[in-house]
Colleague: 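One structure follows; several queries about it will come next.
Lettering follows sequence order; numbering is per chain, from 1. What you see below is based on every heavy atom in this structure, not just the backbone, and it leaves out hydrogens, waters and symmetry mates.
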There are 2 protein chains.
Amino acid sequence: MSDQAVINKRLTGLDEILDKSAQLMAHLGYHGTSMRGLAQVTGRSLSGLYHYFSNKEELLFLINQRGFTSLLAMSGDLLQRDLTPQERLSGLIHNHVTYFIDHLSEMRIMTSGTMEMNEQRSQTLWKLKQEYTRLAQNIVGDYMDSQSGTNHSAQSINRKTYLLYGMMNWIFGWYSAKNHGTAKDIAKDIFHTFTKGCCGTE
Amino acid sequence: MSDQAVINKRLTGLDEILDKSAQLMAHLGYHGTSMRGLAQVTGRSLSGLYHYFSNKEELLFLINQRGFTSLLAMSGDLLQRDLTPQERLSGLIHNHVTYFIDHLSEMRIMTSGTMEMNEQRSQTLWKLKQEYTRLAQNIVGDYMDSQSGTNHSAQSINRKTYLLYGMMNWIFGWYSAKNHGTAKDIAKDIFHTFTKGCCGTE
DNA sequence: AAATTATCCGAACGACCGTTCGTTAATTTA
DNA sequence: TAAATTAACGAACGGTCGTTCGGATAATTT
């Protein structure tokens, strides 16, 4: 693939379909999006779509799988690298927020709850989500323990991790690039609020 | 209505329909929920439903309107009452989280983003949401100013308010009464995290 | 007891749904 | 170039969708 194609995000084949489908589905919801609508926005015929996936449910699965895999690829090595707990937490938040803002539609679908699905598919996604959650819980737990010297309970760490998830994943409810700055700005704000509170000092 | 009816939540008519519809819609999504499914879960015939609302879209509107009106009724007087900024913030969080956990299905629908709707209806909901958001922004802003002595920018206050929203509204993604305690516990945790950070001291 | 109103229903309508089928065009491989 | 594989298509299928309509039953008022 040429560099030009990469730069312009002129994706082809399945990747292009997943991207454009995610945009429409983020707007209309999974059930509200018809195969005919997907055919239109992808510039293909209705039946032509079925060359790339076997049915609508698999399309939803592929969007989710691609997204969670990418998220994990960004942050999966944070625990291995030689970083302080604070740098790890900051890195996790930065990676997540950056990916979120660069893939708003996709993330909207990924965070819109569990959809009824083929057993094997939902298990695959469940494992990906769990792997990512465990990573976050480890990073949050290490940070909290390193800050206070004592060990926090698993339940406490999990709850705090969910609160962090909330701050990050609620972005789609309000974010607009024009009014709220770059991903880096948001990530800084979330890191600061999560570690020091809404008006904590540096 | 008898006390017994109130205690048992044995609602009748429209209220019962809105409750049971919200439960099904929270599970399947708006478009994924059929009028026939709603008829079944409400114990009515398909055509009998149309006695209570004129179409499916109005049902969605009524669920949202009832929810946001209730939310506002809980916290609308926090600014008038003689409270400290801290008590106001704590009260807002407690009210929101309590209502959220007591009406998980309804809140799931209310927070699932803007749905295409009749102009007047969407404007009515938009005003309710804005009124509630403004209340939260005022409470958060007053608290922040009172803590640091200085005045924070509107943009900074708004961003922090959205982060607080995120922590509260993400509850449906993980909360279960068995594992995560009462609404009061969650509210305390959110208040503490938002004001002091994830391992801030009292 | 009659009249009026509020609830509720079965049956049907046209529109749209996801999916399949047989076939053709384009591209790659031999 | 010929064969094989990939990509794309129009047309059609059975089913489900939201909604409507005329009429039945129950509740309330007169």
Side-chain angles (χ1 to χ4, degrees), chain A residues 1-2 5 10-64 66 109 112 115-122, chain B residues 1-2 4-5 10-66 109 112 115-122:
Chain A
M1 189 189 292
S2 73
R10 201 169 294 281
L11 305 176
T12 59
L14 182 57
D15 270 325
E16 182 201 15
I17 292 177
L18 293 185
D19 265 33
K20 294 186 173 171
S21 297
Q23 284 181 42
L24 192 59
M25 278 192 183
H27 186 53
L28 301 174
Y30 173 70
H31 290 291
T33 305
S34 68
M35 292 297 297
R36 287 164 179 81
L38 293 175
Q40 190 161 357
V41 309
T42 57
R44 283 170 167 80
S45 73
L46 173 60
S47 51
L49 285 177
Y50 285 84
H51 175 68
Y52 293 92
F53 44 87
S54 59
N55 51 43
K56 195 181 173 187
E57 181 194 296
E58 185 176 46
L59 172 63
L60 180 65
F61 167 79
L62 289 174
I63 291 174
N64 276 275
R66 199 183 57 151
I109 294 173
S112 68
M115 190 72 57
E116 220 65 45
M117 227 182 249
N118 170 7
E119 184 62 35
Q120 185 176 339
R121 283 177 188 151
S122 61
Chain B
M1 189 189 294
S2 73
Q4 186 67 23
R10 203 169 293 282
L11 304 177
T12 59
L14 182 58
D15 270 326
E16 184 201 13
I17 292 176
L18 293 186
D19 265 33
K20 294 184 172 171
S21 298
Q23 285 182 41
L24 193 59
M25 279 193 185
H27 187 54
L28 302 174
Y30 173 71
H31 286 108
T33 306
S34 68
M35 293 297 299
R36 287 163 179 83
L38 293 175
Q40 188 162 359
V41 67
T42 56
R44 286 171 165 80
S45 73
L46 173 59
S47 49
L49 285 178
Y50 285 85
H51 176 69
Y52 293 92
F53 45 87
S54 59
N55 51 44
K56 195 182 174 188
E57 181 194 296
E58 185 176 45
L59 172 63
L60 179 65
F61 168 78
L62 290 173
I63 292 174
N64 276 275
Q65 185 187 42
R66 198 183 58 150
I109 295 172
S112 69
M115 191 72 59
E116 219 65 45
M117 226 182 248
N118 169 7
E119 185 61 34
Q120 185 176 340
R121 283 177 188 149
S122 60

Colleague: Once you round it to whole Å, what is the distance between P of C/dT19 and CG of A/L59?
Modeller: 10 Å
Colleague: Ignoring backbone atoms, test whether A/S34 places a side-chain nitrogen or oxygen under 4.0 Å from the OP1 or OP2 oxygen of C/dC16.
Modeller: no
Colleague: Treating B/Y30 as the side-chain partner and B/I109 as the backbone partner, does any N or O pair qualify as donor plus acceptor under 3.5 Å?
Modeller: no
Colleague: Specify the separation, in whole Å, of atom CZ of A/F53 and atom P of D/dA8.
Modeller: 12 Å
Colleague: In whole angstroms, how far is the C1' atom of C/dG18 from the CG atom of A/N118?
Modeller: 17 Å
Colleague: Without decimals, in angstroms, what is the distance between B/L49 CG and C/dA6 P?
Modeller: 18 Å
Colleague: Name the nucleic acid region contacted by B/R44, choosing base, sugar-phosphate or nothing; use a 4.0 angstrom heavy-atom cut-off, strictly under.
Modeller: sugar-phosphate
Colleague: If I take atom CG in residue B/L60 and atom C1' in nucleotide D/dG18, what distance separates them, rounded to the nearest angstrom?
Modeller: 15 Å
Colleague: In sequence, state the C-alpha distance, the side-chain angles, and the governing distance for A/D19 and A/E16, and then conclude on side chain to side chain contact (heavy atoms under 4.5 Å, CB included).
Modeller: CA-CA 5 Å; A/D19 265 33; A/E16 182 201 15; 5.8 Å; no
Colleague: So does A/S45 reach the base of D/dG10 with its side chain, donor to acceptor, closer than 3.5 Å?
Modeller: no
Colleague: Dump the intermediate steps for side chain to side chain contact (heavy atoms under 4.5 Å, CB included) on A/E57 and A/E116, then the final yes or no.
Modeller: CA-CA 9 Å; A/E57 181 194 296; A/E116 220 65 45; over 6 Å; no
Colleague: Counting the atoms with a prime plus P, OP1 and OP2 as sugar-phosphate, which does A/T42 contact under 4.0 Å by heavy atoms, base, sugar-phosphate, or nothing?
Modeller: nothing
Colleague: Heavy atoms from C-beta onward define the side chain here; which of D/dA8, C/dG18, D/dC17 lies closest to that of A/M35?
Modeller: C/dG18
Colleague: Ignoring backbone atoms, establish whether A/H51 has a side-chain N or O less than 4.0 Å from OP1 or OP2 of D/dA8.
Modeller: no
Colleague: Are the side chain of A/K56 and the backbone of A/T33 linked by a donor-acceptor contact shorter than 3.5 Å?
Modeller: yes
Colleague: Return yes when atom NE2 of B/H27 has more than 12 non-hydrogen atoms of other residues, nucleotides or ligands closer than 6.0 Å, and no otherwise.
Modeller: no
Colleague: At under 4.0 Å between heavy atoms, what does A/Y50 touch on the DNA or RNA strands: base, sugar-phosphate, or nothing?
Modeller: base
Colleague: Please give, in whole Å, the distance from D/dC17 C1' to B/L38 CG?
Modeller: 12 Å
Colleague: Would you kindly compare A/R36 and A/Y52 by the position of their nearest DNA chain D nucleotide and give the one closer to the 5′ end?
Modeller: A/Y52
Colleague: For a quick check of understanding: with a heavy-atom distance under 4.0 Å over all strands, which category does B/L46 fall into, base, sugar-phosphate or nothing?
Modeller: base
Colleague: Could you give the NE2-to-C1' distance, from B/H31 to D/dT16, as a whole number of Å?
Modeller: 15 Å
Colleague: Can you tell which of D/dG18, C/dG18, D/dA11 lies closest to the side chain of B/K56?
Modeller: D/dG18
Colleague: Report the distance from atom CG of A/L28 to atom P of C/dC17, rounded to the nearest whole Å.
Modeller: 11 Å
